[in-house]
Every structure is written in structure tokens, then in C-alpha cells.
Peer 1: 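One structure, as C-alpha cells, below. Some questions next.
Order of the sequence lines sets the chain letters (A, B, ...), proteins ahead of strands, with each chain counted from 1. Small disclaimer: the values here were computed from a predicted structure and weren't measured.
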There are 2 protein chains.
Amino acid sequence: MLEAKKLERVVPIGGLSDRTGVKVETIRYYEQVGLLPPPERSEGNQRRYGRRHVERLAFIKHARDLGFPVEGIRTLLRLSDNPAMACDEAHAIAVSHLDEVRDKIAKLRSLETELARIAVTCSGGVKACDCAIIEALADHGQCGHGH
Amino acid sequence: MLEAKKLERVVPIGGLSDRTGVKVETIRYYEQVGLLPPPERSEGNQRRYGRRHVERLAFIKHARDLGFPVEGIRTLLRLSDNPAMACDEAHAIAVSHLDEVRDKIAKLRSLETELARIAVTCSGGVKACDCAIIEALADHGQCGHGH
DNA sequence: GTACAATCTGGAGTGACTAGAGGTTCAAGA
DNA sequence: TCTTGAACCTCTAGTCACTCCAGATTGTAC
């Protein structure tokens with residue numbers, strides 16, 4: 001058992017960073033906020049990570065890439081550590097987040113439309129023109145707030 | 001002249017907030033970072049805003065609603081105060097921002113696709129199932145980083 | 001052994017707000 | 001005119017998810 005543990009490949013934080021694509025500083029941050037458990041240390045107090053940390057961090061990164069907030073990931077990790085629990089909660093988290101992403105897409109498309117309208121009215125390059133972009137931004141009728 | 005100025009309708013910060021939809025605290029913030037010039041004050045040191053401030057803040061709000069960063073808005077405001085300047089810069093700012101918005105939409109749609117895939121594999125509600133969401137997040141093949 | 005890159009901790013910054021504490025002013029109503 | 005409560009003030013610090021920097025130590029290749 002100890003022998004098996006002794007032979008496990010452990011890496012310093014840079015090695016974990018290389019394996020997961022997560023920055024060194026971000027790894028330390030995740031440890032600080034409790035997403036990643038503190039690893040064992042070398043005699044010189046340097047972090048040494050084994051396979052389980054690699055897997056945990058990969059999970060975290062995948063979830064971050066999908067836009068889950070840190071607190072949501074904390075919940076997902078807890079569920080991950082208790083596979084016998086109902087997956088209602090994981091599903092609720094994912095669906096809620098999916099809704100947020102869809103809302104955001106809708107909003108951004110609306111922004112895109114207006115930005116494209118604004119940008120196209122001023123092709124640029126003409127000195128001393130009255131800038132249509134500035135005028136569009138000053139146009140209260142387009143600012144989405146009733147006056 | 002002084003008489004005309006005396007008769008201009010001025011409002012306290014709450015009035016400006018009501019007229020523009022921008023929060024009181026956010027108005028103070030914009031003054032602090034220099035987007036909004038400091039207004040005149042009452043004898044009791046309360047801010048008093050006239051029409052020009054209302055217009056300036058409406059401009060800022062419109063630009064923020066479109067997602068322009070504060071520094072970009074600072075530039076747009078400078079251009080707005082100098083209408084004789086070439087509008088190359090305003091155009092460049094708008095187009096650059098439009099590109100960012102388009103990039104973001106593309107990324108979010110990709111996220112939506114994967115989230116929808118993940119969420120649909122676990123309809124939830126079945127106790128003691130192996131949660132497909134957790135497994136999907138743990139699946140290195142899907143995390144966008146080569147191992 | 002030497003040198004340099006990697007690692008450590010602690011503190012603070014980023015961007016755009018947002019909240020709270022404790023004190024003052026203002027305006028409406030009695 | 002007086003009272004009261006909302007609006008206002010400044011200052012400080014928090015939010016979220018990182019990110020950066022300084023100064024010191026460790027580790028590894030040559």
C-alpha cells in the first residue's frame with residue numbers, strides 16, 4: 001500500500017498546470033476557495049499532485065469552460081463525491097445554467113443587431129463628418145429606457 | 001445669462017437616477033472614474049444636475065447597455081465633445097466591439113449545444129442513478145484540452 | 001558546485017459596479 | 001414653525017473569478 005503510493009507519479013504545480021491547461025495561479029486560487037483539496041507537499045514545501053488531483057481539476061476546468069460559477073461547481077463536486085445521491089440537483093444546476101446561456105445569447109444577438117446598425121451608419125474615414133455613431137449613442141429613443 | 005442659468009431645472013442625484021435608469025451609486029461611480037463631470041452643489045453639499053448631465057449620463061447608459069467598456073466610453077465621450085474630429089476612431093471602437101459580441105455569441109452557442117447534450121442525458125428524478133451530468137463533466141474527452 | 005527556472009506566501013489589483021456605516025440635509029406634513 | 005423620515009453625503013470595503021507582483025526558497029540540469 002505505502003509502496004504503491006510511493007510509486008504514484010506526482011507532479012509539482014506546473015506539471016498539474018501543463019496536464020490540465022489551468023494556470024498555476026488559478027490552481028492556487030481553486031485550492032484557496034476550497035474547490036481543490038490541499039495536496040501533499042515536498043520537504044521544501046512544494047505542492048505535489050497525484051492522479052486524483054489531476055482528475056478533480058479537469059472536472060473543474062470542464063465545468064468552468066461551460067460557464068458554471070464556482071459555487072455551482074462546488075455543488076457539482078459534492079454530488080460527484082456522492083454518486084448515490086439523487087441527480088435532481090445536478091440536473092437542476094445544468095438546466096438553470098442552460099437557461100442563463102440561452103438568455104445571454106438572445107441578449108447578445110439583440111446587441112449585435114443594434115451595434116451593426118450603428119456601425120454601418122458611419123463608414124469612417126471622412127474628416128469633419130458628424131459622427132453617426134456618436135449621434136446614435138446620444139439618441140435617447142434608442143436607449144431602452146423610457147423618458 | 002445668470003438669470004437663465006438660475007431658472008434651469010436642476011435635480012438631485014435621485015432625480016437624475018429616475019430620469020436615466022442609472023442607480024445612484026453607479027452615478028457616483030461614474031463621477032469618480034471621470035465619465036461624468038462633477039456637478040454643482042447645493043448649500044448642503046448635495047449634487048444638483050442640469051440638462052447637460054442628463055444627456056451625458058443617457059449617452060453613457062446607452063453605451064453601457066451596448067456592452068462598451070468604461071474606457072471605450074471615455075474615448076467615445078471625448079470624440080463626442082469634439083465633433084469635428086475624424087470619426088475613424090468611433091467607428092473602430094464600434095466595429096471592434098461588434099466583433100467581440102459576435103465572437104461571444106459563437107462561443108455561447110457552442111456552450112449551449114454541449115450543455116443541452118449534457119442536460120438531456122440525465123432527466124433527473126431517478127434515485128441512485130449514476131449521474132450522467134457528473135460523468136460528462138468528468139469525461140476528459142470533452143473538456144477541450146488535449147491530454 | 002553553480003545558475004536559473006520553478007515554486008512559495010502575502011498582499012493587492014482588475015472591471016464595473018454594489019453595499020454598509022455613520023452622519024447631514026431636505027421637503028412634506030402637522 | 002417644528003418634526004420626521006427619506007434622500008443625500010463620504011468613506012471603506014465587498015463581489016466574482018481570477019491575475020499580478022515582490023521577495024524569498026527550492027529543485028534540477030549542467
Side-chain angles (χ1 to χ4, degrees), chain A residues 9-36 38-50 53 57 59-77 93 96-97 100-101 104 107 111, chain B residues 9-36 38-50 53 57 59-77 93 96-97 100-101 104 107 111:
Chain A
R9 177 108 149 263
V10 294
V11 292
I13 196 166
L16 182 62
S17 175
D18 291 340
R19 281 161 176 70
T20 56
V22 182
K23 289 173 136 184
V24 164
E25 294 139 330
T26 310
I27 295 171
R28 288 203 201 97
Y29 168 71
Y30 289 152
E31 179 183 328
Q32 182 198 329
V33 300
L35 285 194
L36 205 53
E40 62 193 39
R41 301 276 184 138
S42 68
E43 280 195 28
N45 199 32
Q46 295 192 356
R47 293 168 174 81
R48 292 291 180 254
Y49 297 98
H53 273 96
L57 186 57
F59 182 105
I60 292 164
K61 183 171 194 302
H62 193 180
R64 281 299 300 136
D65 287 344
L66 290 176
F68 286 100
V70 165
E71 284 308 311
I73 296 172
R74 197 187 303 282
T75 303
L76 291 169
L77 286 170
I93 290 172
S96 167
H97 184 49
E100 287 166 9
V101 169
K104 194 153 200 178
K107 187 181 173 201
L111 280 192
Chain B
R9 177 110 151 259
V10 294
V11 293
I13 195 166
L16 183 62
S17 173
D18 291 340
R19 280 161 176 71
T20 56
V22 181
K23 289 172 135 184
V24 165
E25 295 140 331
T26 310
I27 296 173
R28 288 202 200 99
Y29 168 71
Y30 289 153
E31 179 184 326
Q32 184 199 327
V33 300
L35 284 195
L36 205 54
E40 62 192 41
R41 301 275 185 141
S42 69
E43 281 195 27
N45 199 34
Q46 296 192 354
R47 294 168 173 81
R48 293 290 180 255
Y49 298 96
H53 273 96
L57 186 58
F59 182 105
I60 292 165
K61 182 168 194 305
H62 192 181
R64 282 297 301 137
D65 286 346
L66 291 177
F68 286 100
V70 166
E71 285 308 310
I73 296 172
R74 197 187 305 281
T75 303
L76 291 169
L77 286 169
I93 290 172
S96 167
H97 185 48
E100 288 166 7
V101 170
K104 193 151 200 179
K107 188 183 171 197
L111 282 189

Peer 1: Could you check if a side-chain atom of R28(A) sits within less than 4.5 angstrom of a side-chain atom of V24(A), using non-hydrogen atoms only?
Peer 2: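 They are in side-chain contact.
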Peer 1: Ignoring backbone atoms, test whether T26(B) places a side-chain nitrogen or oxygen under 4.0 Å from the OP1 or OP2 oxygen of dA16(C).
Peer 2: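 Indeed not, no polar side-chain atom of T26(B) lies that close.
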Peer 1: Hey, what do you get for CG (L76(A)) to CZ (R74(A)), rounding to the nearest 0.5 Å?
Peer 2: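 Answer for the CG-CZ pair, L76(A) versus R74(A), is 11.5 Å.
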Peer 1: I want to check something: taking the side chain as every heavy atom from C-beta on, are E71(B) and T75(B) in contact at a cut-off of under 4.5 Å?
Peer 2: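 A side-chain contact is absent here, since even the closest heavy-atom pair is not under 4.5 Å.
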Peer 1: Using atom CD of Q32(B) as one end and atom C1' of dG15(C) as the other, report the distance to the nearest whole Å.
Peer 2: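 Taking atom C1' of dG15(C) as the reference, CD of Q32(B) is at 12 Å.
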Peer 1: Taking the side chain of I13(B) as heavy atoms from C-beta outward, which of dG27(D), dC8(D), dT10(D) is closest to it?
Peer 2: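 Looking only at heavy atoms from C-beta outward on I13(B), the closest nucleotide is dC8(D).
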Peer 1: Hey, does R47(B) reach any base, or is it just sugar-phosphate, or nothing, if we go heavy atoms under 4.0 Å?
Peer 2: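 Result for R47(B) = sugar-phosphate.
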Peer 1: Between R41(A) and dT9(C), does any side-chain N or O lie under 4.0 Å from OP1 or OP2?
Peer 2: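 Indeed, a polar side-chain atom of R41(A) lies that close.
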Peer 1: What is the separation between atom CD1 on I27(A) and atom P on dT9(C), rounded to the nearest whole Å?
Peer 2: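 So the two atoms are 13 Å apart, to the nearest Å.
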Peer 1: Using the closest heavy atom to pick a nucleotide of DNA chain D for each, name whichever of G44(A) or Y29(A) lands nearer the 5' end.
Peer 2: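 The residue whose closest nucleotide sits nearer the 5' end is Y29(A).
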Peer 1: How about L57(B) and Y49(B): do any of their side-chain heavy atoms sit closer than 4.5 Å?
Peer 2: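 No; the side chains remain at least 4.5 Å from each other.
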Peer 1: Please state how far atom CD in Q46(B) lies from atom P in dA6(D), giving the value in whole angstrom units.
Peer 2: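 Whole-Å distance recorded here is 16 Å.
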Peer 1: It should be established whether S42(B) places a side-chain nitrogen or oxygen under 4.0 Å from OP1 or OP2 of nucleotide dT25(C).
Peer 2: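 So the side chain of S42(B) is outside the cut-off, no N or O lying under 4.0 Å from OP1 or OP2 of dT25(C).
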Peer 1: Can you measure I73(A) atom CD1 to dC16(D) atom C1' for me and round it to whole angstrom units?
Peer 2: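 It works out to 12 Å between those atoms.
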Peer 1: From the set dT7(C), dA16(C), dC18(D), return the single nucleotide nearest to any side-chain atom of R64(B).
Peer 2: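 Minimum distance to the R64(B) side chain belongs to dA16(C).
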Peer 1: Given atom CD of E43(B) and atom P of dT24(C), what is their separation to the nearest angstrom?
Peer 2: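 Value for this atom pair: 17 Å.
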Peer 1: Starting at atom CG of L36(B), determine the distance to atom C1' of dA16(C), rounded to an integer number of angstrom.
Peer 2: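 That distance rounds to 15 Å.
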Peer 1: Counting only side-chain nitrogens and oxygens, does R28(B) get under 4.0 Å of the OP1 or OP2 atom of dC11(D)?
Peer 2: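 No, R28(B) has no side-chain N/O under 4.0 Å of OP1/OP2 on dC11(D).
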Peer 1: Does dC18(D) have OP1 or OP2 sitting under 4.0 Å from an N or O in the side chain of Y30(A)?
Peer 2: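 For Y30(A), the contact criterion (side-chain N or O under 4.0 Å from OP1 or OP2 of dC18(D)) is met.
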Peer 1: Quick check: do H53(A) and R47(A) have side-chain heavy atoms less than 4.5 Å from each other?
Peer 2: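 When only atoms from C-beta onward are counted, R47(A) and H53(A) do not touch, as no gap falls below 4.5 Å.
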Peer 1: Measure the distance from CZ on R48(A) to C1' on dT28(D) and round it to the nearest whole Å.
Peer 2: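 My rounded result for the distance is 11 Å.
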Peer 1: Can you work out whether Y49(A) or N45(B) has the more 5'-proximal nearest nucleotide on DNA chain C?
Peer 2: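 That would be Y49(A).
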Peer 1: Among dA17(D), dC8(D), dG27(D), which nucleotide has an atom closest to any side-chain atom of V24(B)?
Peer 2: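 Closest nucleotide to the V24(B) side chain: dC8(D).
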Peer 1: Look at the side chain of E25(B) and decide which nucleotide, out of dT7(C), dC20(D), dA19(C), has an atom nearest to it.
Peer 2: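 So the side chain of E25(B) is nearest to dA19(C).
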Peer 1: Looking only at side-chain N and O atoms, does K23(B) come under 4.0 Å of OP1 or OP2 in dA16(C)?
Peer 2: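 Negative; the distance criterion is not met.
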Peer 1: If you check the P69(B) side chain, which of dC26(C), dA16(C), dG27(D) turns out closest?
Peer 2: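 In terms of side-chain proximity for P69(B), the closest of dC26(C), dA16(C), dG27(D) is dA16(C).
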Peer 1: Starting from C1' on dC18(D), measure out to CG on D65(A) and report it in whole angstrom.
Peer 2: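 Interatomic distance, CG of D65(A) to C1' of dC18(D): 14 Å.
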Peer 1: With rounding to the nearest 0.5 Å, note down the distance linking CZ in F59(A) to CG in L36(A).
Peer 2: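 If we round to the nearest 0.5 Å, F59(A):CZ and L36(A):CG are 12.5 Å apart.
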